[in-house]
There are 2 protein chains.
Amino acid sequence: MKRTKDAPLITKALSNEDAPDLNIIELLFFAYRDFTADPDLILEKIGFGRAHHRVLYFINRKPGMTVAELLDVLKITKQSLARVLKQLIDTEHVVQVTGPRDRRQRELYPTAKGRELALALALPQSGRIARALEESGPENRAAIEHFLKAMVNPDQRAQIDSLPAAG
Amino acid sequence: MKRTKDAPLITKALSNEDAPDLNIIELLFFAYRDFTADPDLILEKIGFGRAHHRVLYFINRKPGMTVAELLDVLKITKQSLARVLKQLIDTEHVVQVTGPRDRRQRELYPTAKGRELALALALPQSGRIARALEESGPENRAAIEHFLKAMVNPDQRAQIDSLPAAG
DNA sequence: AAAAATATGTCAGCCTTGTTGACTTATTTT
DNA sequence: AAAATAAGTCAACAAGGCTGACATATTTTT
């Protein structure tokens, strides 16, 4: 079988129509990997992990959230949440308040200490986003937000809208 | 201290200049959560996890990658990789070839079976991306790719460029 | 008023996937 | 010949998911 010397034996692995969008797939992987690496450095120093970050983030984002609401946002089990939530309460980053209407519920609030930590964790991420927007053209912010939101399951976009001051 | 009746006691939690970009922070969280949920369903059926997915993804993306290169992309330890790579080799999704120039190296290649699985895992993610691009305006693709790439640590963007047929 | 449903908490144990540290083997470089 | 490098392996540990079972307080339904 005759082949030109430079023709590769195996073709360039899916470069046409039915090929998956590998470009954005891997960009999401790399972007998310580095995006989470910043706060991880801070968390490590105080013996917390990513799970603590997510819990604190949303309690800070929507103070007064109940346990059930938080579980719904995070999509983890009650037992998984309990482990990290207990630590956040013990370290006084978060407090619980018995629900005013339904006394079975526990409303979750960040303390001043909790808000400070949430801010410290958000800052490097926010800085990375700001630099990336700068590089890619700030006029594209709306399109980027729109794209990211469209990546979320339709039935869960309401969750995003329910957060205060969010688009 | 005099306050207008309607002014909230606690302000709308950082809505000005020095406030972190909570909008995009949480959009990334939700988008990535749902983006990874699709392949997880497929992986579960065959007893694989996300770690297998990532390894197979990159071996398929750049056939002939050495173990060291893969470790560098994934940013995990040799021991973590070994566990899942061994399974991928045992199940004949991946084969190893002794490096032609340096016989200490092991080049990694997907088998037909491996390529099929990689494709099956990429399709739902690709479909989600296509729908999201459609919704947010396909003309914004370049800007979105640019943004995501700008979110990656500068010293690691070369890694992305080294993948075949990628921007 | 009693029964059922709901919100939360907790105990126990399992799995995946990351980690460190120590050490081996084959091969290449010095 | 010695040192460095690429890869593999054993052992132990930790974080953070999971399931199942069950307890308690409170609210809703009957």
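All chains are named by letter (A, B, ...) in the order of the sequence lines, taking the proteins before the strands, and each is independently numbered beginning at 1.
Side-chain atoms of A:Q105 do not come within 3.5 Å of backbone N or O of A:T98 as any donor-acceptor pair.
Against DNA chain C, the stretch residues 30-47 of chain A makes no heavy-atom approach under 4.0 Å.
Proximity of A:I89 to A:Q96: side-chain heavy atoms (C-beta onward) are separated by under 4.5 Å at one or more points.
Computed from coordinates, the A:L108 CG to C:dA7 C1' distance equals 12 Å when rounded to whole Å. Atom pair B:L81:CG and C:dT16:P shows a separation of 17 Å (rounding to whole Å applied). Remark: P of D:dA7 and CD of B:E69 are 9 Å apart, rounded to the nearest angstrom. Atom pair B:L71:CG and C:dG18:P shows a separation of 11 Å (rounding to whole Å applied). As a whole-Å value, the separation of A:L56 CG from D:dG16 P is 14 Å. Counting to the nearest Å, the C1' atom of C:dT8 and the CD atom of A:Q96 are 9 Å from each other. Between the P atom of D:dG16 and the CG atom of A:L74 lies a distance of 13 Å, rounded to the nearest Å. Spacing between atom NZ of A:K78 and atom P of C:dT10 amounts to 11 Å, rounded to whole angstrom units.
Across all strands shown, A:H53 has no heavy atoms under 4.0 Å from either base or sugar-phosphate atoms. As judged by a 4.0 angstrom heavy-atom cut-off over every strand, B:E107 is placed among residues making no nucleic acid contact.
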Steps toward salt bridge (Lys or Arg N to Asp or Glu O under 4.0 Å) verdict (B:K149, B:D161): CA-CA 10 Å; B:K149 191 164 173 181; B:D161 295 326; 2.7 Å; yes
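Taking a cutoff of 4.0 Å between a charged side-chain nitrogen and a carboxylate oxygen, B:D21 and A:R141 qualify as a salt bridge.
Clustering ILVMFWY residues whenever any of their side-chain heavy atoms sit less than 4.5 angstrom apart, transitively, puts A:V95 in a cluster other than the one holding A:V67.
A sub-4.0 Å separation between OP1 or OP2 of D:dG17 and a side-chain N or O of A:T77 is absent. Residue A:H52 places none of its side-chain N or O atoms closer than 4.0 Å to OP1 or OP2 of D:dA15.
With hydrogens and angles ignored, a donor-acceptor pair under 3.5 angstrom links the side chain of B:R83 to the base of C:dG18. No N or O donor and acceptor, one from the side chain of A:K86 and one from the base of C:dG9, sit under 3.5 Å apart. In terms of polar N and O atoms assigned as donor or acceptor, the side chain of A:Q79 comes within less than 3.5 Å of the base of D:dG20 in a complementary pairing.
Aromatic rings of B:F58 and A:F29 (six-membered ring for Trp) have centroids within the 6.0 Å cut-off, being under it.
Along DNA chain C, the nucleotide closest to B:S80 and the one closest to A:A82 are compared, and the more 5′ of them pairs with A:A82.
In this structure, a donor-acceptor pair under 3.5 Å is present between the side chains of B:R128 and A:N153.
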So if I define the base as every atom that isn't primed, P, OP1 or OP2, how would nucleotides 25-30 of chain D read as a B/S/- string at a heavy-atom cutoff under 4.0 Å? BBS---
